[in-house]
Amino acid sequence: MTPWREFLTRLGFEKVGEAGPRFCFQIFYHAKSKASILACEADGFLVLVGSKSYLLREISDEGLIYVRDLNQFHEDLQALFPEVHVTFSHFRDLSHPLAVLKAQGSQQTLTRLVTQQAELRGNLETTKQEIEGVQRISGFAGAPFLKSALQAKVTGLNQRAKELHEQESELANRIFKIHRLAKEYLDHGSGAIFLFSIHSNIQVARAADEVHEAAQAILAELDAYHKYQLTQKLGAKLQVRVEEFDEPALALMIQWLGGALNPRQLPRIGGSVFQDLCLAIERMVVVSSNQDLVVDGKTAAQKRLLSERVLQNFFTRLDRVAQPRSIPEGVPTSGAFLGNLLQDGRMTNVPVFVGIQLKNAYVSGTTRSGKSYLARVLVEGALVEAAVVVVLDPTGQWTGIVEPSTDPEVLARYDAFRFDPRLARGFDIQILRPDQLPPPDEICRTSFVLNLKGLLDSERLQAVKPVLEAVYHSMTTETTNLKLLLVMEEAHSLLSGNVATDAKDMARQVQTLLVRIARERVKHGVSLLLCSQGLVDFGREARIVREMVNSRFFLRSTDSAELTYVEQYAGRGAAETVKELRPGEALIHGLDFPTLTVAIRPPFSHVGEVHVAGSPTGSGKTAVQTWLAKARPQRPERSLSDLETVALELVVAHYRKQGTPMATIELVEALGLRSGKVRQQLVTALIERGLVKVTRLPSSGRGQGRQGLIPLVGE
């Protein structure tokens, strides 16, 4: 034994392995601390490095490690330790003991359940024998009181037998379900081993007496990692349960051989030699199901595509997460989390925030570019910061803010941002119809969405005007903080160049209020958020509203006028970038931050229409007409020419937003027409004047599709 080995032995190390031949490494294990030291002699020096292995077992609340946790887990390991090695082994097939162990679902083993069942059966058989004995004695009893007492005892024993039989049947049913569920896991389950090792810094000993000091330093370093980094930081942050691994030989085999130690193949070899090895391997495996497991018509275990999610996570990291070349100066580091910085079309791990004081913002983008998601993210940030939010919503899409996000496309982005799906939530904000508006002095005190869907231009403007008046007259106290965020979805629909003739005067009044709010109320804590498809939506008279914004968020667009606008503020390169943006990506430009390209985080609330009190949808045709009748002021019946103008505006607005023809039935319902003759005259007049053309909408499966109208002007 060389002198340096004696020093390791005194510290409690024992040799467990050796590898060579060119470079000879010897491996020593310290049972008390569950740590190993790898030692290599070279050129008169002894190089030592320590390691400590852990099994990644479970998350305390949910039971398994999933993609969102693995991504964050790996990054935290890299941040906390100078060197870490992570091994993931996947087994497509499970062994029967593993399937049974997973099916039990508690600390109670199947053996114990079977033992309890045998005891119950024994007690039941004994009770039956007692009943037979008492009944025989009762037949010889002459005295009435004795016969009555024996009969009472038989009744009690029968009750006891009934209870034992029920308990035995219940236990037998539990055992049967365990076997059924175990069979399901054997057919549709898989297993995985997650092992990671932390490593100490390298120690070099130049003489034998230095080995003792070097080994002690390694043990102290690994112990500090265990107590402070793993237990306090990693465990407390992610709620991850890890287990110190006390099988050094198995740790090396797993790292070197990966999935070669298959828990289903090992038992097939047979013999008692492999029994302990099988048990040790089975103890490390985390079991998951590849589909929902159903027993007796009920879902006993939910689908958990563990291995697929891990691989998906790995390739997502390679494809989407990159280290930034450099971080531009002035990237906001506080405020509401907007998303991650994009460079060369790849998402980096650099977060981007926006100051909650937006100082009037403009969001533009084509259909399905993510404009609604971005606006929702900004509003969610304002609500979290306790600002009052007022949304003027002509589409009904903002009613979903009260519900958590359920869109699969949105939830799929949670993994890329390492979001816990439980973050999805609705927000406490009222959904109001125009006839439910609070008094003017209350409008600026409570967050609400004003649902304007289905209203004509004049009706919509009549509902919006008192809101803007309240904002202008109530917000008069100077402040540097955001107090009220006024969101205008489809902002152009409220401006004079985009409304019907009979609503233009009201639109000019609304536009004047908007200009005054944008100019005079920023210093009083009011910000506008204008959402639109682009410059084309703003006519000559309305451009002054858009030009007063300070922060601009551009999503994908190929419109030449919009790209010219981007180039005016951010340069030609930015305009080229906007053309190539993917859904959920935005180029942002503002006074408080440099021009950046950002991958927008997914919203927490549902982006879309839901059936709430403020929504006129989902209640049937009669309810819709009743709601519109209450919301509309009384006015004389329109002439046919007026109806043509309004109808054309509705068809154009629908085509701009949806990109699809407007069903004729939807048009006449929106106009509140009841006369079939007037309906036909209206459609005929629009067609004859070359304002619209008729098309057939796709059939829903029963008969021909409905008639639709496509605008030939104003697209």
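Quick caveat: nothing in here was measured; it's all calculated off a predicted structure.
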Close side-chain approach of [X] to [Y], heavy-atom, < 4.5 Å:
X      : Y      : value
Ile218 : Val49  : no
Ser405 : Leu411 : yes
Asn340 : Val350 : no
Leu555 : Glu585 : no
Val354 : Leu378 : yes
Ile202 : Val47  : yes
Arg376 : Ile401 : yes
Pro351 : Phe337 : yes

Subject >> Pair Ser197, Ser53: side-chain N/O donor-acceptor within cut-off below 3.5 Å >> reply: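 There is such a pair between these side chains.
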Original post:
Going by distance alone, is a donor N or O of one side chain under 3.5 Å from an acceptor N or O of the other, for Ser605 and Arg425?
Top reply: no
Is the number of heavy atoms from other residues, nucleotides or ligands within 6.0 Å of [atom1] ([X]) greater than 12?
X      : atom1 : answer
Leu423 : CG    : yes
Glu409 : CD    : no
Gln216 : CD    : yes

Subject >> Ring-ring centroid check Phe28 Phe13, cutoff 6.0 Å >> reply: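 No; Phe13 has its ring centre 6.0 Å or more from that of Phe28.
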**OP:** Answer yes if the ring centres of Phe245 and Tyr54 are under 6.0 angstrom apart, and no otherwise.
**Re:**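 No, too far apart.
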Original post:
Between Val402 and Ile429, does a side-chain contact (heavy atoms from CB on, under 4.5 Å) hold up when you go through it step by step?
Top reply: CA-CA 7 Å; Val402 299; Ile429 182 171; 4.0 Å; yes
Original post:
Hey, mind stepping through Glu380 and Arg601 against salt bridge (charged side-chain N to carboxylate O under 4.0 Å, His left out) and telling me if it holds?
Top reply: CA-CA 11 Å; Glu380 288 176 355; Arg601 75 157 174 87; 3.1 Å; yes
**OP:** I would like to know whether Ile37 and His30 meet side-chain contact (heavy atoms from CB on, under 4.5 Å); could you show each step before the answer?
**Re:** CA-CA 8 Å; Ile37 280 184; His30 193 264; over 6 Å; no
Nearest 0.5 Å please: distance from the [atom1] atom of [X] over to the [atom2] atom of [Y].
X      : Y      : atom1 : atom2 : result
Glu170 : Leu120 : CD    : CG    : 10.0 Å
Leu338 : Leu374 : CG    : CG    : 6.0 Å
Asn173 : Glu168 : CG    : CD    : 10.5 Å
Asp246 : Ser33  : CG    : OG    : 11.5 Å
Leu8   : Gln26  : CG    : CD    : 9.5 Å
Glu41  : Leu48  : CD    : CG    : 10.0 Å

**OP:** Tell me, please, whether Phe7 has Arg10 positioned over its six-membered ring: NZ or CZ under 6.0 Å from the ring centre and within 45 degrees of its axis?
**Re:** yes
Original post:
Are Glu244 and Lys52 close enough for a salt bridge, meaning some N to O gap below 4.0 Å?
Top reply: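 So Glu244 pairs with Lys52 through a salt bridge.
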**OP:** Could you tell me whether Arg5 and Glu14 have a side-chain N and a carboxylate O separated by less than 4.0 Å?
**Re:**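 A salt bridge is absent here (no side-chain N lies under 4.0 Å from a carboxylate O).
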So which atom in [X] and which in [Y] form the shortest heavy-atom distance, rounded to 0.1 Å?
X      : Y      : value
Ala217 : Gln203 : CB-NE2, 4.0 Å
Ile600 : Ala586 : CD1-CB, 4.0 Å
Leu587 : Leu581 : N-CD1, 3.8 Å
Phe417 : Gly339 : CE2-CA, 4.1 Å
Arg413 : Ala599 : NH2-C, 4.4 Å
Pro603 : Tyr414 : O-OH, 2.9 Å

Subject >> Audit row: Asn201, Glu221, side-chain contact (heavy atoms from CB on, under 4.5 Å) steps and yes/no >> reply: CA-CA 8 Å; Asn201 289 299; Glu221 185 178 357; 2.7 Å; yes
Original post:
Between Asn349 and Leu341, does a side-chain contact (heavy atoms from CB on, under 4.5 Å) hold up when you go through it step by step?
Top reply: CA-CA 7 Å; Asn349 55 9; Leu341 184 69; over 6 Å; no
